There are 2 protein chains.
Amino acid sequence: MEKQVTAHEVAKLAGVSQSSVSRVFTKGASVSEKTRKQVLEAAEQLGYRPNEYARSLIMRKSSLIGLVMKGVSNPYYPHAVKKFTAELKKLGYSVLLIDTDDVELQMHDIDALLSYHVAGVVIMDATASFQTAEMLKRFRIPAVLFNRVVPGTGLHSVSCENESAAREIARLLIARGCKSFTYVGGREGASTHIERLKGFTEELRDHGFGCQVLPGDFTYATGYRNGAEMIESGRLTDAVFAVTDLMAYGIFDAFRDRGVLIPEQVKLVGFDDIEMSSWSPYNLSTYAHPVDRMVALSIELLLDSERSHAAGEVHYLPGEMKLRGTT
Amino acid sequence: MEKQVTAHEVAKLAGVSQSSVSRVFTKGASVSEKTRKQVLEAAEQLGYRPNEYARSLIMRKSSLIGLVMKGVSNPYYPHAVKKFTAELKKLGYSVLLIDTDDVELQMHDIDALLSYHVAGVVIMDATASFQTAEMLKRFRIPAVLFNRVVPGTGLHSVSCENESAAREIARLLIARGCKSFTYVGGREGASTHIERLKGFTEELRDHGFGCQVLPGDFTYATGYRNGAEMIESGRLTDAVFAVTDLMAYGIFDAFRDRGVLIPEQVKLVGFDDIEMSSWSPYNLSTYAHPVDRMVALSIELLLDSERSHAAGEVHYLPGEMKLRGTT
DNA sequence: TCAGGAAATGAATACGTATGCAATTAAGGG
DNA sequence: CCCTTAATTGCATACGTATTCATTTCCTGA
């Protein structure tokens with residue numbers, strides 16, 4: 001860090017005190033128009049920017065929000081990240097990016113969040129453990145789980161209406177005349193997986209249908225393998241619902257590579273509506289997250305002083321079915 | 001920001017001075033084993049973390065690296081981001097994420113970088129203007145353009161060997177017996193576009209071939225449109241080289257939708273080798289970036305005090321051709 | 001013109017940490 | 001056991017800014 005321009009230097013050039021300089025850059029402070037102009041001019045000339053470290057230190061308030069991502073496998077998350085940074089920027093916050101390899105938020109990452117006393121943490125994808133939740137609680141750092149619900153942690157959650165969406169998907173497939181069904185899931189324990197599984201199988205049961213459930217991990221490769229095995233083991237069904245678009249692509253490709261026609265022989269539905277789903281090789285029917293509203297609500301939960309430290313709220317927001325060529 | 005645990009409180013509990021606490025957390029400082037143990041114990045008990053704001057302030061040195069991304073359209077970048085965060089974490093740096101909408105780095109974003117006096121900036125994708133470069137120079141913030149070269153800015157650049165890679169691709173297509181060629185480009189002015197275009201057309205010329213050049217913008221949609229137009233206008237060639245994999249997918253799909261067979265009728269090559277390229281609908285021949293080495297070199301350029309402020313170095317690193325089903 | 005109140009300003013201080021300096025303790029050698 | 005030297009330690013200070021409080025300036029109306 002090079003020698004930086006300080007408020008004192010600006011003050012000297014503008015012929016005022018450091019206090020006045022500070023006031024010009026603190027909204028709500030009382031400064032005369034004349035002083036403001038002199039200060040801004042001097043600041044411009046010297047290229048002055050308030051030092052955020054000194055500012056956060058004295059104000060005991062951070063302007064950083066921690067954004068925790070697990071990976072880059074699912075294109076859905078980078079997209080949400082963009083929304084977050086854009087919205088937070090408007091509110092004067094910057095983003096501290098934590099990109100953890102593991103499913104679990106590592107202690108090292110927690111350290112970084114704590115060292116900067118971030119104003120809040122958004123945890124995407126990563127399954128937060130109770131230990132992590134305890135840490136965040138202990139240091140009174142507001143946190144919200146994005147697209148995940150982990151009961152018992154007491155953390156806020158903002159998620160899609162997975163269960164009712166899955167029910168809607170089940171009804172759609174039934175209406176299309178399907179008689180046998182498969183659900184290809186995500187990582188064991190992930191709430192998105194659990195909720196979609198529950199909604200799908202329960203709705204099917206309500207209509208008198210069963211459902212084959214295959215294990216997964218949210219990856220394309222596993223989707224492909226599941227699709228291949230379904231064919232090879234002769235357990236192909238009329239309809240397949242994949243927990244994410246990414247897995248649906250894998251299933252689709254396995255089917256296509258083996259001559260199984262979609263939607264003629266099998267109807268396929270995904271979840272997420274990432275960009276690729278509208279591409280012609282897939283043209284996948286899927287359920288779109290209400291990303292904008294999910295982001296807005298997450299930020300609201302983090303920054304509203306009334307709610308940020310209150311008991312964890314769990315929100316399920318309705319998205320929108322996207323009917324395309326696979327149904 | 002809640003009342004935090006300070007070094008003073010730790011000192012009191014451990015029965016030592018604040019200085020000693022600080023020394024325990026400053027590597028290279030001289031502390032007796034006994035004191036260290038007492039302090040660490042007290043720190044653990046209280047959940048103490050050094051305040052990064054106070055630390056950066058007094059040390060006049062930031063532990064943040066700014067990571068500037070333009071968008072999320074190309075999955076290649078999230079992948080590189082992950083590498084950066086992982087490597088920087090090892091070196092004790094955290095990442096300040098700037099996700100700018102525009103091609104141009106906005107003043108607002110620059111402000112954030114300057115307020116935190118970041119130790120360095122990685123600019124991905126975004127085409128840095130001279131004005132931006134001047135700003136960074138003026139405030140002596142080391143910067144590196146990742147996957148872009150902008151001559152005249154004096155900024156460091158770390159890029160793939162685009163030109164020679166494009167030559168290699170040209171030779172490959174010639175060896176496959178192609179006689180007519182098309183290059184589908186990226187955004188006008190982007191160095192990746194310019195260099196790949198140059199290498200491809202020059203190598204073709206050296207072998208006595210011409211090349212149809214179509215404009216693009218790095219997106220799938222434009223790739224698709226170009227592919228469709230090539231067919232509809234009857235200007236289909238034996239070979240097509242797309243500036244990125246993403247555009248290649250668009251071209252591929254436009255061809256497939258219109259019954260043009262790849263690789264039988266047309267050979268197609270992309271650039272980037274993102275994950276999707278190995279999926280079965282594409283199985284795209286492409287050129288892989290040496291991402292790991294590019295990231296490592298970028299970080300080296302930023303943090304090596306000898307080079308970080310020196311004249312801009314421009315590096316082109318060799319990648320690797322990936323031969324798959326489209327050639 | 002002047003009194004009185006509001007608005008604006010400056011001086012001083014605090015935020016939590018790293019570090020130079022002086023003082024103290026420990027270590028080692030005879 | 002004492003002297004010399006090295007290793008630790010504590011005190012005090014500085015980093016750059018926001019804010020309290022006292023003081024000064026400005027404005028308004030009579």
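Lettering of chains follows the sequences in order, A, B, ..., and the numbering in each one begins at 1. All values derive from a computational prediction rather than experimental measurement.
- The CD-C1' distance, from Gln38(B) to dT9(D), rounds to 12 Å in whole Å.
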Under 3.5 Å, side-chain donor or acceptor atoms of residues 28-42 of chain A against the rest of the protein: list the pairs with distances, not counting sequence neighbours.
| from | atom 1 | to | atom 2 | distance (Å) |
| --- | --- | --- | --- | --- |
| Ser32(A) | OG | Thr35(A) | N | 3.2 |
| Ser32(A) | OG | Thr35(A) | OG1 | 2.8 |

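- Taking the nucleotide of DNA chain D with the nearest heavy atom to each of Arg36(B) and Arg49(A), the more 5' of the two is matched to Arg36(B).
- With salt bridges taken as basic N to acidic carboxylate O contacts below 4.0 Å, none links Lys89(B) and Asp99(A).
- At dT17(D), one or more side-chain N or O atoms of Tyr48(A) fall inside 4.0 Å of OP1 or OP2 (strictly under the cut-off).
- In this structure, NE2 in His315(A) is found 14.5 Å from SG in Cys160(A), a value given to the nearest 0.5 Å.
- Separating the CG atom in Leu97(B) from the OG atom in Ser94(A) is a distance of 9.5 Å, to the nearest 0.5 Å.
- Looking only at distances, no side-chain donor or acceptor of Ser56(B) sits under 3.5 Å from a matching main-chain atom of Tyr53(B).
- The distance between atom NZ of Lys37(B) and atom C1' of dT8(D), rounded to the nearest whole Å, is 18 Å.
- At a threshold of 4.0 Å, the pair Lys90(B)-Glu87(B) counts as salt-bridged, since one of the basic side-chain nitrogens sits closer than that to a carboxylate oxygen.
- Residue contacts shown for Ser22(B) include a base, since a base heavy atom lies under 4.0 Å away.
- The separation between Phe25(A) atom CZ and dA18(D) atom C1' is 14 Å, rounded to whole Å.
- Two residues are said to be in side-chain contact when any heavy atoms from C-beta on lie closer than 4.5 Å; Ile123(A) and Arg148(A) fail this criterion.
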Between protein and nucleic acid, restricted to nucleotides 10-13 of chain D and to nitrogen or oxygen atoms under 3.5 Å apart, what atom pairs and distances do you find?
| from | atom 1 | to | atom 2 | distance (Å) |
| --- | --- | --- | --- | --- |
| dG10(D) | OP2 | Ser17(B) | N | 2.9 |
| dG10(D) | OP2 | Ser17(B) | OG | 2.8 |
| dG10(D) | OP2 | Ser20(B) | OG | 2.7 |
| dG10(D) | N7 | Arg23(B) | NH2 | 2.7 |
| dG10(D) | O6 | Arg23(B) | NH2 | 3.2 |
| dC11(D) | N4 | Ser19(B) | OG | 2.7 |

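- Taking the six-membered ring where the residue is Trp, Tyr76(A) and Phe146(A) present parallel rings, their angle staying beneath 30° rather than reaching 60°.
- Backbone-only engagement by Val31(A) is indicated by non-hydrogen atom pairs under 4.0 Å involving sugar-phosphate atoms exclusively.
- Protein atom CG of Asn51(B) is 16 Å distant from nucleotide atom P of dT17(D), rounded to whole Å.
- You'll find the side chain of Pro78(B) reaches within 4.5 Å of the side chain of Pro78(A), heavy atoms only.
- Taking every nucleotide of DNA chain C with any atom under 4.0 Å from a non-hydrogen atom of chain A, the first and last of them, 5' to 3', are dA8(C) to dG16(C).
- When rounded to the nearest whole Å, the span between NZ of Lys61(A) and P of dT17(D) equals 18 Å.
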